[in-house]
Amino acid sequence: AVAPVLLEVSGLSARYGKVAALNEATLSLRAGQIVTVIGPNGAGKSTLLNAMMGALPTGATASGRIVFQGEDVGRMEIEERVARGLSLVPEKRELFASMTVEDNLLLGAYKRRRHGEAGYLDQQDFVYTLFPRLKERRKQAAGTLSGGERQMLAVGRALMAKPQVLMLDEPSLGLAPLVTREILAIISQLRSTGVATLLVEQNARAALQVADYGYVLEMGEIVCEGPAAVLGADGRIVESYLGVG
Ligand code: ATP
């Protein structure tokens, strides 16, 4: 059976003042799926995620529909989208370097704590099970972590909000291939818990290996889409994004 559509984006456009960065993007995400958006530098990948999250910088505008579980969330504040189950790991990880790993994680759940939801402790256990390395280092300042560990912490913090859709902006950025594989393996593991992931990557090869379905974004437009295995075998995509060897 095909899982139900969780998130449906249609005709999403975004601009920074006069500069159009995203043009009528349409994509969807099903429960438990890993969907990737690949594309070169400046294609509009971060713009897409930020527009979906309501996190575009001031002065930028977006139009189009973002329907999450049947509800149009496209005009909502970031916090309202988080409360409904969307969570973003931004390209700049935005960790607090002088705070401990654990306190950074707790920030990801501040809203739930404020509302007296005790479940954040279970969610913290869940994050520590997924990333044992973070548990070992929970009392360590975030600024002393390795690049890979910082990325794990950024993902862990996003998971503290107990999202149904996790959006990742270039998790492989600045990481060694081995560390990238480790992070992506954990994303795969997350799929089995029912969390859907939207993975934006310049590293197309790694992304297509872990994804179920993919979209190619070029100059603000989605130019092709298909099952990840099909995209990974497409001559033009291999040539443009996967390089040789
Ligand atoms: P990268 O991988 O380099 O981050 P990307 O695919 O994520 O690229 P975006 O960062 O979304 O691309 O940028 C898309 C386009 O929008 C680019 O032409 C970029 O110069 C422009 N852009 C992005 N942010 C801003 C901004 N704050 N103000 C003006 N233009 C912007």
Side-chain angles (χ1 to χ4, degrees), residues 7 9-29 34-66 73-75 77-78 81 86-95 147-148 150-151 154-155 157-158 165-177 179-181 183-184 187 196-211 213-226 228 231-232 234 236-243:
L7 182 62
V9 171
S10 49
L12 186 61
S13 300
R15 46 175 57 247
Y16 300 97
K18 287 194 181 124
V19 182
L22 191 64
N23 186 20
E24 302 268 325
T26 292
L27 60 93
S28 61
L29 190 60
I34 300 177
V35 170
T36 188
V37 176
I38 58 176
N41 228 279
K45 302 183 302 297
S46 298
T47 302
L48 170 68
L49 288 191
N50 289 329
M52 288 173 67
M53 202 62 209
L56 288 171
T58 31
T61 52
S63 61
R65 276 168 66 77
I66 304 163
V73 301
R75 301 284 168 285
E77 297 297 322
I78 297 177
R81 300 189 208 206
L86 301 178
S87 196
L88 170 67
V89 180
E91 186 170 332
K92 297 193 176 73
R93 313 305 178 211
E94 290 165 18
L95 299 170
R150 280 203 294 274
Q151 182 59 261
V155 173
R157 187 183 53 185
V165 173
L166 180 67
M167 300 192 254
L168 300 172
D169 197 350
E170 298 214 27
S172 77
L173 198 71
L175 301 183
V179 182
T180 297
R181 276 207 290 282
I183 304 252
L184 293 180
I187 302 304
T197 299
L198 186 59
L199 172 66
V200 156
E201 265 297 346
Q202 225 176 115
N203 185 343
R205 186 184 303 277
L208 289 173
Q209 269 167 11
V210 74
Y213 199 84
Y215 295 86
V216 179
L217 190 66
E218 274 177 11
M219 290 172 66
E221 303 205 3
I222 288 174
V223 293
C224 80
E225 63 174 275
L231 291 183
D234 183 315
R236 284 163 312 157
I237 290 170
V238 171
E239 208 175 292
S240 305
Y241 300 109
L242 303 180

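Each residue takes its place number in the sequence, starting with 1. What's counted below: heavy atoms across the whole structure, side chains too, no hydrogens, waters or symmetry copies. Order of appearance sets the numbers: ligands from 1, and atoms from 1 within every ligand.
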(message) Can you tell me if Gly42 contacts ligand 1 (heavy atom of the residue under 4.0 Å from the ligand)?
(response)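 Contact check Gly42 vs ligand 1: positive.
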Report, in ascending order of atom number, the atoms of ligand 1 lying under 4.0 Å from any heavy atom of [X].
{"X": "Thr47", "value": "9 (P), 11 (O), 13 (O), 14 (C)"}
{"X": "Gln202", "value": "2 (O)"}
{"X": "Ala43", "value": "5 (P), 6 (O), 12 (O)"}

Protein heavy atom at shortest distance from [atom]:
{"atom": "atom 26 (C) of ligand 1", "result": "Tyr16 CD2, 3.3 Å"}
{"atom": "atom 4 (O) of ligand 1", "result": "Glu91 OE1, 3.3 Å"}
{"atom": "atom 3 (O) of ligand 1", "result": "Asn41 OD1, 2.8 Å"}
{"atom": "atom 5 (P) of ligand 1", "result": "Lys45 N, 3.4 Å"}
{"atom": "atom 10 (O) of ligand 1", "result": "Ser46 CB, 3.8 Å"}

(request) Evaluate the 4.0 Å heavy atom contact test for atom 19 (C) of ligand 1: does a protein atom fall under the cut-off? (result)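 Protein heavy atom within 4.0 Å of atom 19 (C) of ligand 1: absent.
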(message) When you measure from atom 1 (P) of ligand 1 to the protein, is at least one non-hydrogen atom found at a distance under 4.0 Å?
(response) yes
(message) According to side chain to side chain donor-acceptor pair (under 3.5 Å), who are the partners of Arg236, at least two apart in sequence or on a separate chain?
(response)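 For Arg236, the residues satisfying side chain to side chain donor-acceptor pair (under 3.5 Å) (neighbours in sequence not counted) are Asp234.
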Hey, is the main chain of [Y] close enough, under 3.5 Å, to the side chain of [X] for a donor-acceptor pair?
{"X": "Gln151", "Y": "Pro171", "answer": "yes"}
{"X": "Lys45", "Y": "Gly39", "answer": "yes"}
{"X": "Tyr215", "Y": "Ser28", "answer": "yes"}
{"X": "Ser87", "Y": "Ala158", "answer": "yes"}
{"X": "Arg15", "Y": "Asn23", "answer": "no"}
{"X": "Glu201", "Y": "Thr36", "answer": "no"}

(request) Using a 4.0 Å heavy-atom cut-off, say whether Val19 meets ligand 1 through its side chain, its backbone, both or neither. (result) neither
(message) Heavy atoms only, cut-off 4.0 Å: how does Pro40 contact ligand 1, side chain, backbone, both, or neither?
(response) backbone
(request) Drop me the distance from Asp169's CG to Leu199's CG, to the nearest 0.5 angstrom. (result) 9.5 Å
(request) Find out whether Thr26 and Ile222 are in side-chain contact, i.e. whether some heavy atom of one side chain is under 4.5 Å from a heavy atom of the other. (result)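 Not in contact.
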(request) May I ask you to check whether Gly44 has an N/O atom sitting below 3.5 Å from an N/O atom of ligand 1? (result)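 By distance alone, the answer is yes.
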